[in-house]
Amino acid sequence: MTFQGWAEIALTIGLAVGLAWPLGIYMARVWQGESTWLDPVLRPIESIFYGLSGVDRNKGQGWLTYTFSFLAFSAAAFFILYALLRFQNLLPLNPQGFAGMSPDLAFNTAISFVTNTNWQSYSGESAASYLSQMAGFTVQNFASAAAGIAIAAALARAFAANRGESVGNFWVDLTRITLYVLLPVSIVGGLVLAALGVPQTLSHYIDAHTIEGAKQTIALGPVASQEIIKQFGTNGGGFFNANSAHPFENPTPLTNMIAMVAMNVLGFACVVAFGRVAGARREARALVIAMTVLLAGAASAIYWAETQPTPALVAAHVVTTPNMEGKEVRFGAAASAVFTAMTTGASCGAVNAMHESYTPIGGGMAMFLIQLAEILPGGVGSGLYGMMVMALIAVFVAGLMVGRTPEYLGKKIEAREMKLCMLASLILTASILGFAAVAIVLPLAMKTVSASGVHGLSEVLYAYTSATGNNGSAFAGLTAANPFWDTTMGIAMWLGRFGYAVPVMAIAGGIVAKPKLAPTAGTLPTHGGLFVGLVIGVILILGGLQYFPAQALGPIVEHFQMLQLTAAH
Amino acid sequence: MLQHVRPAVVMMALFTLVLGLGYPLAMTGVAGLVFPYQAGGSLVRDASGQVIGSALLAQGFAKPEYLHPRPSAAGNGYDATASGGSNLGPMDQHLIDRVKGDAATLRKDAGGLPIPADAVTTSGSGLDPDVTPENAHMQALRIANARGVSAAQIDSLVDQMTTPAVLGFIGEPRVNVLALNRVLDQRFPVAHPQAH
């Protein structure tokens, strides 16, 4: 660990949080349909969208209608992407002549991108045509991100309302978030990435004749345009198999910094925008602080872990740190550690180093961040609504302890809200632990697990954690491209996205109808240090209680095994 | 539910047109005009215009007169159509054996210098174009002997060609292997014609 490393970690997290303020203020304007400086260009396009799809922009939707719109859009996206992947061999822009994907692979991949997960059972440079990457994956990187942010916007309106009914219009939210937020930042950011070395071309792959006389085929493609939205939309699916470790996706320390800030800034910005729309700026600030504290703590722990001696280096009598297996020289331990914390804290899933080769504590911490329900700051939109669930639980628990009526942002929190919060949390746990438990007793499933012993358990646990958390990063030794894994992980991704979002929308539906109460002397303050501590406590206790037993059998046991092995050499 | 079908399908179609074709094609056009070298993959050509690699991707070097890149787990090594890491866990016996073997080979030519971690570990992409300055210095003696020059000359070239961290703390100092090897061939050509 070096001073420079700590400085880089601090700067990265600082930039992501700092830039979220102006972006969040802008996003609040977009949510509320207010004018922005992009109106002259985008208003006409927006109107075309509404005109062709028959949407009345002024017509609000109740929570059920809003939810059905969200589900219908996701379903349409799934079927179109599935068809595109199955038949990419018959479609244009396929210069390498890749075959269509198999049914189970196309099922898994389509769900993966529609749910904002971007788990990849395929390897981009050898299985996906340029058309699939552009018209399939890039489109879903925008659409699934915008759909997530739309739900956050609906929830914000619910808290702002006083005995209301409408939570907004899903189609309007989807369109405006895409056109006014995601597209502009992607155009600017994508061009910066291209300037710094990320390819953006439709050229076929190039054969190079190396200095020592070998042939090297160089895979290329329209990378920059997809790379940038992959980060901003917390999607995480790489153009190439190696994801953001690949020098074409992430060529320099600066592109790495841009990637890290991009994958957290909109998540934080959603919280800021929520605060403005719901009239709860101080409460939003408290949530940002809670997220930042946990994220910084996790980044520090991973940085520490990855600068500890590892058995292979000790046994070979070479310099014993940092743990460079699976890491790139240009990033080193610090930039890899903070990237890992931010990608798993954010449901992004892009990786600039291979998590499977991390030390047990480093890899276990990445898994734990996903298990905390992807709220630090979480996926775009989904992080905000995940954090809301935690805040409601914290208010409820505090209310029970001190005997006050639980209220949050002027809304009474009652049994219905708590049941739905619990339902949402437990769906994640049931999916992660349930599927992992089934997989480890099925020889069919364990056949494609690459590691033996406790590391094999970590591999399985990580896979379902990543799928359910809609993260998409992997302990990549696992070969998931077979019917068992493709199918079960597809279901896990589906549960993690819709099994969480629908209860949240039901909460929004209840909240929007409640009267907005003025705070009284009996109201628990939800903006101060005490509440920050309460939320952090609830997040850690919930996550710990649910996952500590599984973590203890995987990463924690492996940590002690590693210490023993290191000492033996 | 039926009322949602039309907007769902129409919006997906519009998104596909605008975001799936318009946006990436426009970006391709602009990037190709403004940054043609970067947008095309930072390809490196020899005097005759033949592509010899990409400045951003590792390629294999095994001869003693060249700086060697880090070991690669991409395909059969440095395969730019099969990027990836070893994905071996820290306790994996394959990893321990591989690192021990590589370290023993490197130690023969290292002139007693310590072997840095990056020299015996595979990168995440298998295409890491860089090595650490310590790794390059560790190989200087072997390169110098093969080229009939002093190790100090190689060391000073390594120092010249080390890219520092941005502002001293963003990223890590590094040496691009392909760039250094091209300069080596220009400045210190191998004395005798090689037998290949």
Side-chain angles (χ1 to χ4, degrees), chain A residues 4 7-8 49 52-55 68-69 72-73 76-77 80 125 134-135 139 142-143 171 190 194-195 197 199-201 206 208 210 216-220 222 225 240-242 245-247 251 253 310 312-313 315-316 318-319 324-326 328-330 332 353-354 356 359 451 455 476-477 562, chain B residues 1 4 6-12 14-16 19-20 24 27-28 31 35 38-42 50-54 56-57 59-61 80-81 83-85 87-91 95-96 99-100 103 114-118 120-121 123-125 127-130 132 166 169-172 174:
Chain A
Q4 287 91 333
E8 178 163 20
F49 269 62
L52 289 177
S53 49
V55 168
F68 277 130
S69 302
F73 179 72
I80 290 174
E125 63 263 48
M134 288 174 10
V139 170
F142 281 100
W171 305 111
Q200 179 71 26
T201 173
I206 302 261
T210 70
Q216 187 184 38
T217 302
I218 297 175
L220 290 164
S225 58
F240 300 106
N241 186 48
H246 197 296
T310 53
L313 298 177
V318 300
V319 178
M324 285 302 285
E325 185 70 18
E328 304 281 304
V329 165
R330 61 196 180 284
M354 295 301 137
E356 173 123 36
T359 60
H455 199 71
M562 189 182 88
Chain B
M1 197 70 203
H4 304 299
R6 177 178 165 201
V9 173
V10 174
M11 288 246 171
M12 262 315 296
L14 289 170
F15 276 11
T16 305
L19 307 169
M27 295 284 280
T28 306
F35 322 109
Q38 294 95 316
S42 307
Q50 170 78 51
V51 175
I52 59 170
S54 166
L56 295 178
L57 302 184
Q59 55 179 254
F61 283 101
T81 62
S83 61
N87 288 313
L88 296 175
M91 306 269 294
L95 175 67
I96 295 171
V99 169
K100 277 164 109 170
I115 296 169
D118 72 295
V120 290
T121 48
S123 64
S125 62
L127 300 168
D128 191 343
D130 305 311
T132 58
V166 180
F169 71 100
I170 300 171
E172 302 284 331
R174 58 202 194 273

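Chain identifiers are assigned alphabetically (A, B, ...) following the order of the sequence lines, protein sequences preceding nucleic acid strands; residue numbering begins at 1 within each chain. These values consider heavy atoms only, across backbone and side chains, with no hydrogens, waters or symmetry-generated copies. These figures come from a predicted structure and were not determined experimentally.
Of the listed residues B:Asp130, B:Thr16, B:Thr81, the one with more heavy-atom pairs under 4.5 angstrom with chain A than any other is B:Thr81. Interface check for chain A: of the options B:Val166, B:Leu88, B:Val9, the most heavy-atom pairs under 4.5 Å are formed by B:Leu88. Interface remark: of the candidates A:Ala476, A:Ala451, A:Ala76, A:Ala143, A:Ala476 forms the most heavy-atom pairs closer than 4.5 Å to chain B. The residue among A:Trp171, A:Phe142, A:Phe49 with the most heavy atom pairs within less than 4.5 Å of chain B is A:Trp171. Annotation: maximal heavy-atom pairing with chain A below 4.5 Å, among B:Gly84, B:Pro114, B:Gly60, B:Gly41, occurs at B:Gly41.
Looking at B:Gln50, the atoms closer than 4.5 Å to chain A (heavy atoms on both sides) all sit in the side chain, from C-beta outward. For A:Ala195, the parts lying near chain B are the backbone and the side chain together; criterion is any non-hydrogen pair under 4.5 Å. With a 4.5 Å cut-off on non-hydrogen atoms, A:His246 touches chain B through its backbone and its side chain both. Proximity to chain A is limited to the side chain of B:Phe35, based on heavy atoms less than 4.5 angstrom apart. Both the backbone and the side chain of A:Thr210 come within contact range of chain B, with heavy atoms under 4.5 Å apart.
For the atom pair CE (B:Met27) and CE (A:Met134), the distance works out to 12.0 Å, reported to the nearest 0.5 Å. One finds the CG atom of A:Leu52 at 8.0 Å from the CZ atom of B:Arg6 (value rounded to the nearest 0.5 Å). The distance from the CD atom of A:Gln216 to the CD1 atom of B:Ile52 is 11.0 Å, given to the nearest 0.5 Å.
Residues passing the salt bridge (Lys or Arg N to Asp or Glu O under 4.0 Å) test with B:Asp128, sequence neighbours excluded: A:Arg330, B:Arg70. Contacts of B:Asn87 classified as side-chain hydrogen bond (donor to acceptor under 3.5 Å, both in side chains), with partners at least two apart in sequence or in another chain: none.
What you find for B:Ile170 and A:Pro253 is that their closest heavy atoms are O-CB, 3.5 Å. A:Met324 and B:Ala117 get closest at one heavy-atom pair: CG-CB, 4.1 Å. Contact between B:Val99 and A:Ala312 at its shortest, heavy atoms only, is CG1-O, 3.7 Å. When all heavy atoms of A:Glu356 and B:Pro90 are compared, the pair lying nearest together is O-CD, 4.1 Å. Between A:Ile218 and B:Gly53, the shortest heavy-atom contact is CD1-C, 3.9 Å. The heavy-atom pair separating B:Gly171 from A:Glu8 by the smallest distance is N-OE1, 3.1 Å.
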Could you go step by step and tell me if A:Glu325 and B:Val120 meet the side-chain contact (heavy atoms from CB on, under 4.5 Å) rule?
CA-CA 8 Å; A:Glu325 185 70 18; B:Val120 290; over 6 Å; no

Audit row: A:Val55, B:Val10, side-chain contact (heavy atoms from CB on, under 4.5 Å) steps and yes/no
CA-CA 10 Å; A:Val55 168; B:Val10 174; over 6 Å; no

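Remark: the backbone N or O of B:Ala39 is not paired with any side-chain donor or acceptor of A:Gln200 at under 3.5 angstrom. Judged purely by atom type and a 3.5 angstrom limit, A:Glu328 uses its side chain to pair as donor or acceptor with the backbone of B:Ser125. A:Glu125 places a side-chain N or O within 3.5 Å of a backbone atom of B:Ser83 that can act as its donor or acceptor partner.
Using the six-membered ring where Trp is involved, B:Phe15 and A:Phe73 have ring planes that are perpendicular, over 60° apart on the 30 and 60° scheme.
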